[in-house]
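Since we're looking at a predicted model, the values are computed, not measured. Both ligands and their constituent atoms are indexed starting at 1 by order of listing.
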Amino acid sequence: MSIRTFRKQFCSPTSADTAVAHHRWLTDLGSGVFFPAIVQCTGSTVEFEHIPGPTASTDDMPLVARTLGRLHRAARDRGLRCVDANQPFPLGTGRTLAGFAEPRRGRLLVALSTVRSPLSVQLVDAWLERASVLPTALYKDANPRNVILSRSYGPVLIDFDTLTLAPVGYDLAKLVVTTSMTFGALSQEHILMALHAYTKGLGVEPEVCPLEHLQIWAEFHHLLTSPWLGEHYCFDWTEVRPWTADEVATAAHAPTPIRS
Ligand SMILES: Nc1ncnc2c1ncn2[C@@H]1O[C@H](COP(=O)(O)OP(=O)(O)O)[C@@H](O)[C@H]1O
Ligand SMILES: [Mg+2]
């Protein structure tokens, strides 16, 4: 019996190979999180197992957050706990995952020249550097379109194009910002529920991933996703942000915590 597939066309065979390598590494973590199987990879085309179900929406956020936490916990158990998020991480196949700061710095600085943000160039630079001393996890582009709610498996993570190291909480902030930019404002209570679910999944104390860090990383995502406002996203983060710009600025000026 042939299984139904989702065929994804990449811009080059190299991009397709990279997505396949990310998929393999994530699957091998043994996190208990579900990913679609890869059925075939030919040149620039990858065929994934088709997962029926809707993509994530606002109400799914705590469940998706817990799933992200479980994935990050497994990745930390498999080596990320001991590494600096700003250094490349070897995947063991001759490939590496990029560090956090290097691929983002240029785009953030360009965005800061056109997008209104409570973060200055100095603060963005300081927090890119601080990633080195914060607990390390992953960025896998946790926007709601990259999660399918399957009846059989629960939340299934899709889209393996981008995978880098990032501080704990950074990908959760992506989920918060992009869910708000897609569906409209979320209450701070709803976000705290998601944060609680994430730290539970991650198996850490809440202090390891405080709300203040989420607030700062959310502004990074605002800067980086602003080009897609009007395309994937209908709501401007500055209009749906559930805390004030001053609160973010205060959080961003707080002293550096230590890696745990
Ligand atoms: N394995 C899959 N099964 C079912 N639908 C999928 C699958 N993979 C992707 N999709 C659907 O296609 C959309 C785009 O796929 P994605 O891999 O996220 O591409 P993009 O790089 O354009 O974001 C997803 O939001 C989802 O709706
Ligand atoms: Mg996607």
Side-chain angles (χ1 to χ4, degrees), residues 1-29 31-61 63-65 67-68 70-72 75 95 97-98 103-104 107 137-166 170-184 194 217-218 220-235 237:
M1 193 182 78
S2 64
I3 68 164
R4 190 174 167 200
T5 60
F6 174 85
R7 185 184 288 240
K8 184 160 179 176
Q9 189 66 43
F10 288 82
C11 59
S12 66
T14 308
S15 311
D17 288 348
T18 301
V20 170
H22 292 162
H23 176 279
R24 182 170 308 137
W25 185 75
L26 289 167
T27 308
D28 287 350
L29 291 175
S31 62
V33 173
F34 282 93
F35 304 100
I38 290 180
V39 177
Q40 199 176 337
C41 175
T42 327
S44 308
T45 307
V46 182
E47 272 187 71
F48 294 94
E49 166 190 9
H50 181 270
I51 307 291
T55 53
S57 64
T58 306
D59 289 346
D60 306 311
M61 220 173 55
L63 180 61
V64 176
T67 304
L68 270 188
R70 285 169 65 198
L71 180 65
H72 292 183
R95 287 177 181 276
L97 290 185
R104 291 178 173 83
R107 284 189 298 139
L138 293 171
Y139 170 76
K140 196 208 141 292
D141 190 4
N143 76 63
R145 287 166 288 109
N146 286 343
V147 185
I148 295 177
L149 274 300
S150 154
R151 271 184 173 218
S152 320
Y153 308 124
V156 177
L157 303 188
I158 56 170
D159 196 342
F160 306 92
D161 301 15
T162 309
L163 190 65
T164 73
L165 299 190
Y170 183 78
D171 216 10
L172 178 67
K174 174 81 184 228
L175 181 69
V176 167
V177 170
T178 51
T179 302
S180 311
M181 289 174 71
T182 306
F183 300 107
W217 300 136
F220 275 54
H221 292 298
H222 168 53
L223 290 166
L224 294 171
T225 54
S226 55
W228 285 276
L229 185 60
E231 203 172 311
H232 291 308
Y233 305 114
C234 340
F235 296 90
W237 174 245

Would you say Asn143 reaches the Mg ion (ligand 2) with an N/O/S atom under 2.8 Å?
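Of the N, O and S atoms in Asn143, none lies under 2.8 Å from the Mg ion (ligand 2), which means no.
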Is the Mg ion (ligand 2) less than 2.8 Å from an N/O/S atom of Asp159, whether that atom is in the backbone or a side chain?
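Within the cut-off used here (under 2.8 Å), Asp159 does place an N, O or S atom near the Mg ion (ligand 2).
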Does Arg7 CZ have over 12 foreign heavy atoms under 6.0 Å away?
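Count not over threshold, so no.
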If you count every heavy atom of other residues, nucleotides or ligands that lies below 6.0 Å from Arg95 atom CZ, does the total exceed 12?
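Yes, the 6.0 Å shell around CZ holds more than 12 heavy atoms from other groups.
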Would you mind reporting whether Trp25 and Leu163 have side-chain heavy atoms less than 4.5 Å apart?
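Side chain of Leu163 against side chain of Trp25, heavy atoms only: contact under 4.5 Å found.
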Do Leu26 and Leu138 make a side-chain contact, defined as non-hydrogen atoms from C-beta onward lying under 4.5 Å apart?
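The answer is yes, as the side chains (C-beta and beyond) meet within the 4.5 Å cut-off.
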I'd like to check atom 12 (O) of ligand 1 in this structure: does the protein have a heavy atom lying under 4.0 Å from it?
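Yes, there is one.
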Protein contact of [atom] - nearest heavy atom, named by residue and atom, plus distance:
atom: atom 5 (N) of ligand 1; answer: Ile148 CD1, 3.5 Å
atom: atom 27 (O) of ligand 1; answer: Thr55 CG2, 3.7 Å
atom: atom 15 (O) of ligand 1; answer: Phe6 CZ, 3.8 Å
atom: atom 23 (O) of ligand 1; answer: Asp159 OD2, 3.0 Å
atom: atom 1 (N) of ligand 1; answer: Glu49 O, 2.9 Å
atom: atom 24 (C) of ligand 1; answer: Arg145 O, 3.4 Å

Verdict with reasoning, Arg145 to Asp159, per salt bridge (Lys or Arg N to Asp or Glu O under 4.0 Å):
CA-CA 9 Å; Arg145 287 166 288 109; Asp159 196 342; over 6 Å; no
For ligand 1, which atoms have a heavy atom of Asn146 less than 4.0 angstrom away?
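Going through ligand 1 atom by atom, the ones under 4.0 Å from Asn146 are 18 (O).
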Quick one: which ligand 1 atoms are inside 4.0 Å of a heavy atom on Asp161?
21 (O)
Candidate list Lys140, Lys8, His22, test side-chain hydrogen bond (donor to acceptor under 3.5 Å, both in side chains), partner Asp161, passing option:
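With Asp161 as partner, side-chain hydrogen bond (donor to acceptor under 3.5 Å, both in side chains) holds for just one option, Lys8.
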I want to know whether His23 and Phe160 have ring centres closer than 6.0 Å.
yes
Are Trp217 and Tyr170 near enough that their ring centres are under 6.0 Å apart?
yes
Under a 4.0 Å heavy-atom limit, does Ile158 contact ligand 1 with its side chain, its backbone, both, or neither?
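It is the side chain that touches ligand 1; the backbone stays farther off.
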As a check for students: among Ile38, Ile51, Val46, identify the option with a heavy atom nearest to atom 3 (N) of ligand 1.
Ile51
Please work out which of His232, Gln9, Lys8, His50 has its closest non-hydrogen atom nearest to atom 21 (O) of ligand 1.
Lys8
Ser15 and Ser12 side chains, donor-acceptor separation under 3.5 Å:
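Distance-only check passes for Ser12 and Ser15.
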